Number of protein chains: 2
Amino acid sequence: MAVRGKEFPNCAFRQTLDVLEGKWKFAIIHSLLLHGTMRFKTLERDVAGITARMLVKELKLLEAHGIVSRRAYATVPPTVEYTLTECGLSLEPIIEAIQAWGEKNRAVISQA
Amino acid sequence: MAVRGKEFPNCAFRQTLDVLEGKWKFAIIHSLLLHGTMRFKTLERDVAGITARMLVKELKLLEAHGIVSRRAYATVPPTVEYTLTECGLSLEPIIEAIQAWGEKNRAVISQA
DNA sequence: CAGAATCCCATGGGATACTG
DNA sequence: CAGTATCCCATGGGATTCTG
C-alpha cells in the first residue's frame with residue numbers, strides 16, 4: 001500500500017499504519033523494546049507463533065523503514081543481532097498504550 | 001486467530017492486537033474519535049480507500065468486541081449511526097500515540 | 001544459526017450488482 | 001442510505017526442505 005502515500009500525501013496517521021501494518025510488527029517491536037538487542041533465534045522464540053520465514057520478511061521491512069538495525073557477525077554458526085533504531089525506540093509510547101489497554105480490558109477481550 | 005487466546009492465555013498485548021487486527025480498524029476508530037457519532041456513509045467517506053463491504057465487516061467485528069455500538073432508525077432511507085463505546089473511547093491513547101509518532105516522523109516514512 | 005527457496009492454501013479485500 | 005450477495009484475485013502467511 002505504498003501507493004496510499006501518494007493518494008493522501010499528508011496523512012501521517014495512515015502512513016504510520018502502513019509502516020506497522022501486518023500481523024507481526026507490533027509484536028516484534030514489543031519484544032525488542034523489552035529485551036533490547038536480540039538474536040534472530042531469540043526473537044523467533046519470543047514472538048510466539050511466528051515462523052522464521054515471516055520473521056525474516058518483517059524484519060527486512062522494518063529495517064527498510066529504519067525501525068530496526070541489523071548487524072551480522074562472521075561467526076560459525078552465524079550470529080545476527082537486531083536492535084531498535086532511535087526511530088524504532090520512539091515507538092515505545094504506542095506499544096505502551098496498547099499494553100496498558102490490554103491489561104485494563106483483559107476481561108472484556110478474553111471472552112471474544 | 002481467536003485460538004491464540006487459548007495458546008497464550010495471559011498475553012494482554014497480543015489479545016489487544018487481535019481486536020485491532022486488520023487493515024482498517026485503527027483508521028475507523030481514529031475517525032470515530034475525531035467526529036463522534038457517525039453515519040455509515042460518513043464513515044465510508046472519511047476512511048479513505050475503504051469499501052462499503054469492508055466497512056460493514058470491520059464494524060461488525062468492532063461491535064462484537066464491544067468497541068463500537070450501532071443504532072438504526074426506521075427512516076426512509078435508513079439511518080444507521082455508529083458510536084464508540086466507553087471501551088472504544090478508552091483506545092484514544094493508542095490512537096493519539098500513533099498520530100503523534102506519525103507527525104514527528106513524517107519525513108522518515110514519506111520516503112518509504 | 002540465520003536465512004533462502006519452494007510449495008501451497010486460506011482469506012483479506014476489491015469490484016460490481018442488487019435490495020428494502 | 002445501509003447494507004447483502006457474488007465473483008474473483010492477490011498476497012499473507014504456514015510447512016517443509018536446503019545451505020553457508
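We use all heavy atoms of the structure for the numbers below, so side chains are in, but hydrogens, waters and symmetry mates are not. Quantities reported herein were computed from a predicted structural model and do not represent experimental measurements. A, B, ... follow the sequence lines: proteins, then strands. Residue 1 opens every chain.
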Take the protein atom [atom1] of [X] and the nucleotide atom [atom2] of [N], then report the distance between them rounded to whole Å.
X: A:Ile50; N: C:dA2; atom1: CD1; atom2: P; answer: 14 Å
X: B:Glu44; N: C:dA15; atom1: CD; atom2: C1'; answer: 13 Å
X: A:Glu63; N: C:dA2; atom1: CD; atom2: P; answer: 15 Å
X: B:Glu58; N: D:dA2; atom1: CD; atom2: C1'; answer: 17 Å
X: A:Lys41; N: C:dC1; atom1: NZ; atom2: P; answer: 6 Å
X: B:Leu55; N: D:dC1; atom1: CG; atom2: C1'; answer: 13 Å
X: B:Met38; N: D:dC1; atom1: CE; atom2: C1'; answer: 15 Å

Query raised in the report: Does OP1 or OP2 of C:dG14 have a side-chain N or O of B:Lys23 closer than 4.0 Å?
Result: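 Checking B:Lys23 against C:dG14: at least one side-chain N or O falls below 4.0 Å of OP1 or OP2.
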Query raised in the report: Is the distance from OP1 or OP2 of D:dG14 to the nearest side-chain N or O of A:Thr51 less than 4.0 Å?
Result: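 It does, given that an N or O in the side chain of A:Thr51 lies less than 4.0 Å from OP1 or OP2 of D:dG14.
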Report yes if some heavy atom in the side chain of [X] is under 4.5 Å from a heavy atom in the side chain of [Y]; otherwise report no.
X: B:Leu33; Y: B:Leu84; value: yes
X: B:Leu59; Y: B:Ile28; value: yes
X: A:Thr83; Y: A:Val68; value: no
X: A:Phe26; Y: B:Leu20; value: no

Query raised in the report: In terms of side-chain heavy atoms of B:Lys57, which of D:dC1, C:dC1, C:dG13 is nearest?
Result: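 Among the listed nucleotides, the one closest to the side chain of B:Lys57 is C:dG13.
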Query raised in the report: Of all the nucleotides listed (C:dG13, D:dC1, D:dG14), which has the minimum atom distance to the side chain of A:Trp24?
Result: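 Minimum distance to the A:Trp24 side chain belongs to D:dG14.
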Query raised in the report: When you match A:Pro78 and A:Met54 each to their closest nucleotide on DNA chain D, which lands nearer the 5' end?
Result: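 Its nucleotide being nearer the 5' end, the pick is A:Met54.
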What side-chain donor-acceptor pairs closer than 3.5 Å can you find for residues 87-99 of chain A, not counting sequence neighbours?
{"from": "A:Ser90", "atom 1": "OG", "to": "A:Cys87", "atom 2": "O", "distance (Å)": "2.5"}
{"from": "A:Ser90", "atom 1": "OG", "to": "B:Trp101", "atom 2": "NE1", "distance (Å)": "2.8"}
{"from": "A:Gln99", "atom 1": "OE1", "to": "A:His30", "atom 2": "NE2", "distance (Å)": "3.3"}
{"from": "A:Gln99", "atom 1": "NE2", "to": "A:Glu103", "atom 2": "OE2", "distance (Å)": "2.5"}

Query raised in the report: Under a 4.5 Å side-chain heavy-atom rule over Ile, Leu, Val, Met, Phe, Trp and Tyr, are B:Tyr82 and B:Leu61 clustered together?
Result: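 Looking at the clustering, B:Leu61 is in a separate group from B:Tyr82.
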Report summary line: A correct 5'-to-3' footprint of nucleotides 3-10 of chain D, with B, S and - meaning base, sugar-phosphate only and no protein heavy atom under 4.0 Å, is SS-BB---
Query raised in the report: Hey, is A:Lys41 close enough to A:Glu44 for a salt bridge, meaning N to O under 4.0 Å?
Result: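 A salt bridge is present here (some side-chain N lies under 4.0 Å from a carboxylate O).
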